Amino acid sequence: MIEATNIYISTSDNYHHCLQPFAYLFNKFWSDKLKVTILGYKKPTQNLPNNFNFISLGKQLGPQYYANDLRTFFESIEDSSFIYTMEDQFILDYVNTDLVNVLLEQSKNKNVGRACLTNSIFQTHMGKKHELYKQVGDYELVNYSQISNFRITCEWSIWNKNYMCSYLKDGLDPWQFERLSSQDSINDGVDLIGCKSAVAIQHAEAIRRKNTDTMFDYRFVNENKQLNIEVQNELEQYIKGQI
């Protein structure tokens with residue numbers, strides 16, 4: 001389990017078909033005891049596990065309202081921090097809950113704006129740069145360089161609410177939120193941390209990196225492997241049984 005924190009997953013009406021596999025893999029590789037809140041527009045018709053609930057952000061007006069709608073919601077809640085990602089970020093292996101708890105504890109530092117839960121932080125391609133943050137037990141924690149690319153991302157992260165909302169600017173779609181906000185965050189002095197010696201959440205970008213013949217891309221991001229075929233078969237049977 002993890003320390004008490006809310007988990008929010010954003011979606012749009014065209015991506016509801018991701019929700020069942022997302023939920024199945026979340027509960028298999030993390031926990032069916034954790035509450036997960038889907039943030040979208042129209043209520044999904046798919047059957048979802050009992051630990052998943054849905055909140056509508058109103059009428060879907062288009063991707064250019066992504067930042068406006070999320071900011072309006074997050075500003076309305078009491079959480080000072082939370083875990084956030086999007087609906088195609090399927091979890092593909094067992095979550096390192098100990099590391100999640102370590103990063104949750106480190107996120108209490110008022111200068112930490114985001115704690116990356118994936119392997120993205122220690123990559124060096126596409127202008128990504130990192131430096132040592134601190135050692136916590138066996139975990140080597142690192143910090144995005146102040147001049148790194150991709151400091152802001154929709155991948156699995158623990159967010160400081162105020163920091164995230166400051167970059168959810170009017171008119172940004174999800175891709176612009178990552179690209180333009182990353183540029184804006186250069187030299188903002190905020191710590192954006194993660195772990196180099198272990199990975200908390202190993203995941204796919206099941207739709208947005210899709211270039212396979214199957215409905216979803218089950219490849220691990222930044223790794224040369226994919227979801228176990230037996231689990232894929234289990235997942236397909238689960239979805240058929242829920243329709």
Side-chain angles (χ1 to χ4, degrees), residues 5-16 18-19 22 35-42 44 53-89 103-104 106-118 120-121 126-128 143-194 201 203 205 207-209 221:
T5 191
N6 285 320
I7 300 172
Y8 296 104
I9 311 300
S10 65
T11 190
S12 63
D13 296 346
N14 293 335
Y15 287 84
H16 284 184
C18 294
L19 298 180
F22 180 98
K35 177 184 174 183
V36 180
T37 300
I38 304 294
L39 303 175
Y41 297 92
K42 289 182 180 178
N53 69 302
F54 176 81
I55 293 177
S56 175
L57 302 178
K59 183 179 180 181
Q60 181 169 297
L61 299 175
Q64 68 271 27
Y65 287 89
Y66 164 85
N68 307 57
D69 293 341
L70 275 189
R71 187 185 69 247
T72 298
F73 172 77
F74 287 137
E75 288 179 343
S76 74
I77 62 177
E78 296 183 357
D79 315 46
S80 59
S81 64
F82 46 78
I83 293 174
Y84 166 78
T85 194
M86 304 181 80
E87 79 293 272
D88 77 331
Q89 302 279 301
L103 291 171
L104 281 167
Q106 294 298 316
S107 296
K108 295 176 182 177
N109 184 316
K110 64 181 180 180
N111 201 55
V112 172
R114 181 173 77 87
C116 176
L117 296 174
T118 74
S120 177
I121 191 166
M126 300 177 70
K128 296 178 182 179
N143 194 358
Y144 275 105
S145 164
Q146 286 291 314
I147 59 170
S148 175
N149 288 341
F150 294 98
R151 285 167 52 83
I152 304 296
T153 177
C154 294
E155 289 187 0
W156 285 98
S157 296
I158 303 162
W159 282 94
N160 173 284
K161 179 179 74 173
N162 291 336
Y163 184 74
M164 186 178 191
C165 287
S166 73
Y167 286 107
L168 286 169
K169 297 178 181 178
D170 289 352
L172 297 184
D173 64 30
W175 301 273
Q176 291 171 324
F177 170 63
E178 293 186 321
R179 180 171 54 84
L180 299 180
S181 297
S182 289
Q183 294 172 5
D184 291 345
S185 75
I186 289 176
N187 291 320
D188 69 1
V190 176
D191 293 323
L192 307 179
I193 67 171
I201 296 178
H203 69 107
E205 290 187 354
I207 292 295
R208 291 168 181 85
R209 288 192 180 184
V221 172

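The structure displayed is predicted, hence computed values, not measured ones.
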*asked:* Would you say that Asn14 contacts Tyr41 through its side chain, given a criterion of any heavy-atom pair below 4.5 Å between the two side chains?
replied: no
*Is there a donor-acceptor pair closer than 3.5 Å between any side-chain N or O of Asn143 and the backbone N or O of Asp191?*
no
*Glu155 and Glu205: which non-hydrogen atoms are nearest, and at how many Å?*
OE2-OE2, 3.5 Å
*Is the side chain of Asn162 donor-acceptor paired with the backbone N or O of Ser80 at a distance under 3.5 Å, no angle test?*
no
*Within-4.5 Å side-chain heavy-atom neighbours: Arg151 and Gln146*: yes
*Residue pairs passing the salt bridge (charged side-chain N to carboxylate O under 4.0 Å, His left out) test where at least one lies in residues 53-66, sequence neighbours excluded*: none
*Measure the shortest side-chain to side-chain distance between Thr118 and Gln89 over non-hydrogen atoms and say whether it is less than 4.5 angstrom.*
no
*asked:* Rounded at 0.5 Å granularity, tell me how far CG in Asp184 sits from CD1 in Ile152.
replied: 9.0 Å
*Do Phe177 and Met164 come close enough that some side-chain heavy atom pair is under 4.5 Å?*
yes
*Evaluate the side chain to side chain contact (heavy atoms under 4.5 Å, CB included) criterion for residues Asn149 and Met126: first the C-alpha distance (whole Å), next the side-chain angles of each, then the deciding distance (0.1 Å), finally the verdict.*
CA-CA 7 Å; Asn149 288 341; Met126 300 177 70; 5.6 Å; no
*Do Tyr163 and Asp188 have side-chain heavy atoms sitting under 4.5 Å apart?*
yes
*asked:* With rounding to the nearest 0.5 angstrom, report the CD to CD1 distance, Gln106 to Ile158.
replied: 10.0 Å
*Sidechain-backbone polar pair: Asn111 side chain, Gly189 backbone, donor-acceptor under 3.5 Å*: yes
*Find out whether Thr37 and Asn6 are in side-chain contact, i.e. whether some heavy atom of one side chain is under 4.5 Å from a heavy atom of the other.*
no
_Trace of the side chain to side chain contact (heavy atoms under 4.5 Å, CB included) decision for Tyr66 with Cys154_ = CA-CA 12 Å; Tyr66 164 85; Cys154 294; 3.4 Å; yes
*Please name all residues satisfying side chain to side chain contact (heavy atoms under 4.5 Å, CB included) with Ser157, sequence neighbours left out, ordered by chain then number.*
Arg114, Thr153, Trp159
_Show the nearest heavy-atom pair for residues Thr5 and Leu104, with the distance to one decimal._
CG2-CD2, 4.1 Å
*Could you give the distance from CG (Leu70) to CG (Leu168), rounded to the nearest 0.5 Å?*
6.0 Å
*Please indicate whether Tyr65 has more than 12 foreign heavy atoms, meaning atoms of other residues, nucleotides or ligands, lying under 6.0 Å from its OH.*
no
_Show the nearest heavy-atom pair for residues Pro44 and Leu19, with the distance to one decimal._
CG-CD1, 3.6 Å
*So do the side chains of Glu87 and Ile38 get within less than 4.5 Å of each other, counting heavy atoms only?*
no
*asked:* Please check this pair: side chain of Gln183 against backbone of Leu180, looking for a donor-acceptor N/O pair closer than 3.5 Å.
replied: no
_For the CD1 atom of Ile9 and the CG atom of Leu39, what is their distance to the nearest 0.5 Å?_
8.5 Å
*Distance-only polar pair, side chains of Ser120 and Lys128, donor-acceptor under 3.5 Å*: yes
*Looking at Ala115 and Ser107, what are the two nearest heavy atoms and their distance?*
CB-OG, 3.4 Å
*Kindly compute the distance separating SG (Cys116) from CD1 (Ile201), expressed to the nearest 0.5 Å.*
9.5 Å
*Hey, could you give me the OG/CG distance between Ser56 and Asp69, rounded to the nearest 0.5 Å?*
9.5 Å
*Residue Tyr8 excluded, over 12 heavy atoms near OH under 6.0 Å*: yes
_Please determine whether side chain to side chain contact (heavy atoms under 4.5 Å, CB included) holds for the pair Thr85 and His203, giving the CA-CA distance in whole Å, both sets of side-chain angles, and the decisive distance to 0.1 Å._
CA-CA 11 Å; Thr85 194; His203 69 107; over 6 Å; no
*Closest heavy-atom contact between Cys18 and Asp88?*
SG-CB, 4.4 Å
*Quick one: does Ser181's side chain get under 4.5 Å of Lys169's, heavy atoms only?*
no
*Using side chain to side chain contact (heavy atoms under 4.5 Å, CB included) as the criterion, list what pairs up with Ser81, not counting sequence neighbours.*
none
*Quick one: closest heavy-atom pair of Asn160 and Val112, and the distance?*
CB-O, 3.7 Å
